[in-house]
Amino acid sequence: MRKSKAIMIVFISIIIVLTAGIGWLLNDKYGFISYGAKKPTYHYTIGDFTIEDLGVFDTKTGKMLYVGMKKDEVDKILGDGVEEQEFMRLTVYADNLNIKYRLDQVVAISLTEDSSRYVTARNMGVLNSRQEIEYAYGKPSFSDDRYTDYYLHKIKDESYLKLLPKLPIDQDELTKTFIMSVSSSEDGNRIMISDFKFARDFN
């Protein structure tokens, strides 16, 4: 009896060690587990939008980064970024987070295929499929084989946003309308959240 019990304990111990070892190897190769990672706590309703949807969540620091934030607020969270000298002059931060500033204020946040550290307020990132993103956000304003776009309009000083079926043409609405665009390519997904002025003029 004791011998059988001892054999069983040894057998279970071996399974635990093997499971832990395989998990460690898989995580080392694929990054399935992010130790110490945090998740956004935004409570949302599918199809409804608020200003929380105009930002991304940093799973390392546990902080949100929003369109409309001041540059010094972003730098305090992420450290100094490096401004690219290309025509859009994006500032690149740790783990490929790209931000565009206008008068030292965030007007665009872009996640590339290598920006998996960051997710949207609804916990959607570049590793999620466009179908998963549509499930979290609801029916988009525009969608084709490559793009899934949400056009969001700020109503006065309210915290909620209205989903638009198409983009406005009124020049006065350029900085009151925002776009969350998810694009797919062979390299992976990209997510951009910006005001309409940047999406149109890249400025």
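Numbers here are sequence positions counted from 1. Computation of the quantities below employed the complete heavy-atom set of this structure, encompassing side-chain atoms and omitting hydrogens, waters and symmetry-equivalent molecules.
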Determine, stepwise, if the pair Leu90 / Met88 fulfils side-chain contact (heavy atoms from CB on, under 4.5 Å).
-> CA-CA 6 Å; Leu90 299 174; Met88 285 193 291; 4.1 Å; yes
Plane angle bin for Phe202 and Phe198 - parallel if under 30°, tilted between 30 and 60°, otherwise perpendicular = perpendicular
Can you confirm whether [X] sits close enough to [Y] that some side-chain heavy atom of one is under 4.5 Å from a side-chain heavy atom of the other?
X      : Y      : result
Thr148 : Gln131 : no
Leu97  : Ser115 : no
Glu134 : Ser143 : yes
Tyr93  : Ile99  : yes
Leu103 : Gln105 : no

Applying the 4.5 Å side-chain criterion to the ILVMFWY set and letting contacts propagate, would [X] and [Y] be lumped into a single cluster?
X      : Y      : result
Val74  : Val92  : no
Ile46  : Ile51  : no
Tyr151 : Phe178 : no
Val107 : Tyr66  : no
Met192 : Met180 : no

Tyr137/Tyr150 aromatic ring centres below 6.0 Å = yes
Supply the atom-to-atom distance [X] [atom1] to [Y] [atom2], rounded to the nearest 0.5 angstrom.
X      : Y      : atom1 : atom2 : result
Lys162 : Lys176 : NZ    : NZ    : 14.0 Å
Leu152 : Phe49  : CG    : CZ    : 5.5 Å
Ser194 : Ile109 : OG    : CD1   : 9.5 Å
Ser183 : Glu113 : OG    : CD    : 7.5 Å
Asp104 : Asp72  : CG    : CG    : 8.0 Å
His153 : Leu163 : NE2   : CG    : 12.0 Å

Single hit among Leu164, Leu54, Ile193, Leu167 for side chain to side chain contact (heavy atoms under 4.5 Å, CB included) with Ile179 | Leu167
Can any side-chain N or O of [X] pair as donor or acceptor with the backbone N or O of [Y] at less than 3.5 Å?
X      : Y      : value
Asn128 : Gly125 : yes
Thr59  : Lys38  : no
Thr45  : Asp48  : no
Glu84  : Arg89  : no

Sequence neighbours excluded, the answer for side-chain hydrogen bond (donor to acceptor under 3.5 Å, both in side chains) partners of Lys71 is Asp75
Going through the distances and angles, do Arg117 and Asp58 end up as a salt bridge (Lys or Arg N to Asp or Glu O under 4.0 Å)?
-> CA-CA 6 Å; Arg117 165 177 163 177; Asp58 179 5; 2.7 Å; yes
Nearest atoms (heavy-atom pairs only) where Met64 meets Gly55 = CE-C, 3.8 Å
What are the two closest non-hydrogen atoms of Ser116 and Leu127, and how far apart are they?
-> CB-CD1, 4.0 Å
Distance-only polar pair, side chains of [X] and [Y], donor-acceptor under 3.5 Å:
X      : Y      : answer
Asp149 : Ser181 : yes
Arg130 : Ser184 : yes
Asn123 : Tyr42  : no
Tyr101 : Glu83  : no

Pair Asp195 + Arg102: basic N to acidic O under 4.0 Å | yes
May I ask you to say whether Asp53 pairs ionically with Arg122, meaning some side-chain N is under 4.0 Å from a carboxylate O?
-> yes
Can Tyr160 and Ile155 be said to form a side-chain contact (heavy atoms from CB on, under 4.5 Å), step by step?
-> CA-CA 7 Å; Tyr160 65 88; Ile155 307 297; 3.9 Å; yes
Are Ile77 and Met69 close enough, and set up right, to give a side-chain contact (heavy atoms from CB on, under 4.5 Å), and what steps lead you there?
-> CA-CA 11 Å; Ile77 296 172; Met69 283 183 78; 4.2 Å; yes
